[in-house]
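These notes concern the structure reproduced below.
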2 protein chains.
Amino acid sequence: MQPKIKDVARLAGVSVTTVSRVLNGEKYVKDDLKHKVNLAIEELGYAPSHIARSLVRNKTNLIGVIVPDITSSFYATILSSIEEAASANDYNLLVCNISEDIDKEYKYLNVFQEMRVEGIIIMHEKINEEIRNLIHKMKIPVIFSSVKPMDQQFVSVIVDDYKAAYDATTYLIELGHEEIGFIGGDMRDITSGQNRYSGYRNALTSKGIRIIHEHIRFGDYKVKSGYAQMKELLRVSQRPTAVFAVSDDMAVGAMNCIRDHNLRVPEDISVIGFDGSQLTELTRPTLTSMEQPIHEMGKETMRLLLHQVETGEEPSGDLVLDHRLVARESCIPRKK
Amino acid sequence: MQPKIKDVARLAGVSVTTVSRVLNGEKYVKDDLKHKVNLAIEELGYAPSHIARSLVRNKTNLIGVIVPDITSSFYATILSSIEEAASANDYNLLVCNISEDIDKEYKYLNVFQEMRVEGIIIMHEKINEEIRNLIHKMKIPVIFSSVKPMDQQFVSVIVDDYKAAYDATTYLIELGHEEIGFIGGDMRDITSGQNRYSGYRNALTSKGIRIIHEHIRFGDYKVKSGYAQMKELLRVSQRPTAVFAVSDDMAVGAMNCIRDHNLRVPEDISVIGFDGSQLTELTRPTLTSMEQPIHEMGKETMRLLLHQVETGEEPSGDLVLDHRLVARESCIPRKK
DNA sequence: GTGAAAGCGCTAACAC
DNA sequence: GTGTTAGCGCTTTCAC
């Protein structure tokens, strides 16, 4: 059993109030008493109970985070910068990795409420009716990071996914490509699904390029589905000379598929990804990608959330960060 | 402000005791009262305070986890299986990503103690004197996952790193290689530093192969250092025909370096990694690796920890899991 | 079956 | 400057 404040008080020969005062760095405690108390704390190895403190202060310093897949480099990186910002502000993170399991998310949101977390960060946008209602009912500040769900009331920290996809596609067009394959995300996702798809389409049509239905495929953002969808694209009679995948993971899958079919990236097919994750530098050729400011995204998410937690003011709207195309080796001009 | 048990009691027209009984699924509550209570709970959106419960039950259902680098695929994967096991047993995870910052670890261990976490999982072995003393003083069950620190009192879930490295090296020898480069870890680390190094050396000497000093390099397990160390190995007059890197990340760095110097893997140099992380399947050529049972490792760590938490029995010793060589494309027999 | 009240470990009035 | 005490939201004897 851990020592309590009472034990410290007894050993130091003072009241619990005095101990509490020392603990909380208040003045109005004589130096010699303060010294005695610290000695007692040291001797007992006492650490004040955060539980008891939370109860009386009505403050837990806990933030709940829901990650769709922690083994993905993109989410892991956001999470690490969220953790960094939390720690710097003396908040602690309760982490839930839902791995596509909606029930688990529901369960965890309940846990968050029971734990009285002061804020919640969610990194996916597959929010169903039930979850949406629960979130609203909980009345705990929530910020979405890297995604924007349907509900307009939710605040997000994102890039302009439409524009970013538009720019990525335009880059390929400017390299001379016209048959541009697209490996999209889940069309139930607004940001990563729909918006990126629209960006791709509009970039093509605005340059007067005809959209080829067979060049459009959809995956689940993971390496394997990038591979599988690329396989389909290679089957099309009019093979694309470039491919835009809406996640770096899928882009890597696509590159591997191309290579496994004895074609070369970028000589035969250029590939551009999306996210700017660590993977971009690991592959050979290195992967050209539409970079999201991942680190900043995590940091800003936490900043917005903590501001709301501590002031009660809701953010006035989404925070849209700048995307940036980072050209590497996987895209070259179309061969004449 | 969240509703309290008192509010529920008032609305349902019963005592708080009755509400508590319904909450905890006790019998001895008439059905109609139970119904009334549930209605009130629903109406108020009441969720019992985990804080208050923890205080009275003296049980937090919290596990603290210290990860050296959450953006590494290896740790992220262990973490995700730890999270899975925790969630299945109704425990929640407080996650700390220390990223080489020992002060942060010290701070977090204190937080864990204040939070009254019931158990701690640590995934690195750079435990200094101060941290070691703190851990012992805290009297909270601790299990090390994937590493074994100096202190014999600590319990670990690991593979036999010496044997695994021995086997990896032997595999290369059996493929006909004799000039085998080694990219090791931090020699202050027992398991991933020293043991793997010894395994490498002893495999060579037991086959009567002379150890070439210039073929031995040490990195920090990350991709970049694999790249940097490989660069040095390529400078050596007697260039190795195969390389064993003690992490998949470093192996990938080495492969990239080899390729960037216009040599081929595996035709010019074979590469074997260590960990069996997701990266092994992403690279081209795919990476032969000494696989640790990552998922099982996380699961077993949690099992051991929860057993200790719930019974008070300390594990009788380390749990050593089986390693397994997974041959992929990055290693071939030495050219004659 | 149900309720009153003590107490979990701490903080913060309030008194001295 | 220091101590006494009520109370944070819940569970759990112990009465009824």
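Numbered from 1 within each chain, the chains take letters A, B, ... in sequence-line order.
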Exercise. Hey, is the side chain of Thr18(A) poking within less than 4.0 Å of OP1 or OP2 on dG3(D), counting only N and O atoms?
Worked result: yes

For this session: Determine whether Leu62(B) and Glu118(B) make a side-chain contact, defined as any pair of heavy atoms from C-beta on separated by less than 4.5 Å.
Result: no

Exercise. Which letters describe nucleotides 8-16 of chain D, given B = protein heavy atom under 4.0 Å from base, S = only from sugar-phosphate, - = neither?
Worked result: BBSSB-B--

Exercise. Whole-Å distance between dC10(C) C1' and Lys59(A) NZ?
Worked result: 16 Å

For this session: Could you tell me which residues satisfy side chain to side chain donor-acceptor pair (under 3.5 Å) with Ser146(B), sequence neighbours excluded, listed by chain and number?
Result: none

Exercise. Can Asp220(B) and Lys222(B) be counted as an ion pair, charged N to O under 4.0 angstrom?
Worked result: no

Exercise. Taking atom types as modelled, is there a side-chain donor on Glu125(B) or Ser192(B) under 3.5 Å from an acceptor on the other?
Worked result: yes

Exercise. How are the rings of Phe154(A) and His136(A) set relative to one another: parallel (under 30°), tilted (30 to 60°) or perpendicular (over 60°)?
Worked result: parallel

Exercise. In whole Å, what is the span from the NE2 atom of His50(A) to the P atom of dT11(C)?
Worked result: 11 Å

For this session: Figure out the CZ/P separation between Arg10(A) and dG9(C), and round it to whole Å.
Result: 12 Å

Exercise. How would you list, by chain and number, every residue that makes a side chain to side chain donor-acceptor pair (under 3.5 Å) with Glu129(A), sequence neighbours excluded?
Worked result: none

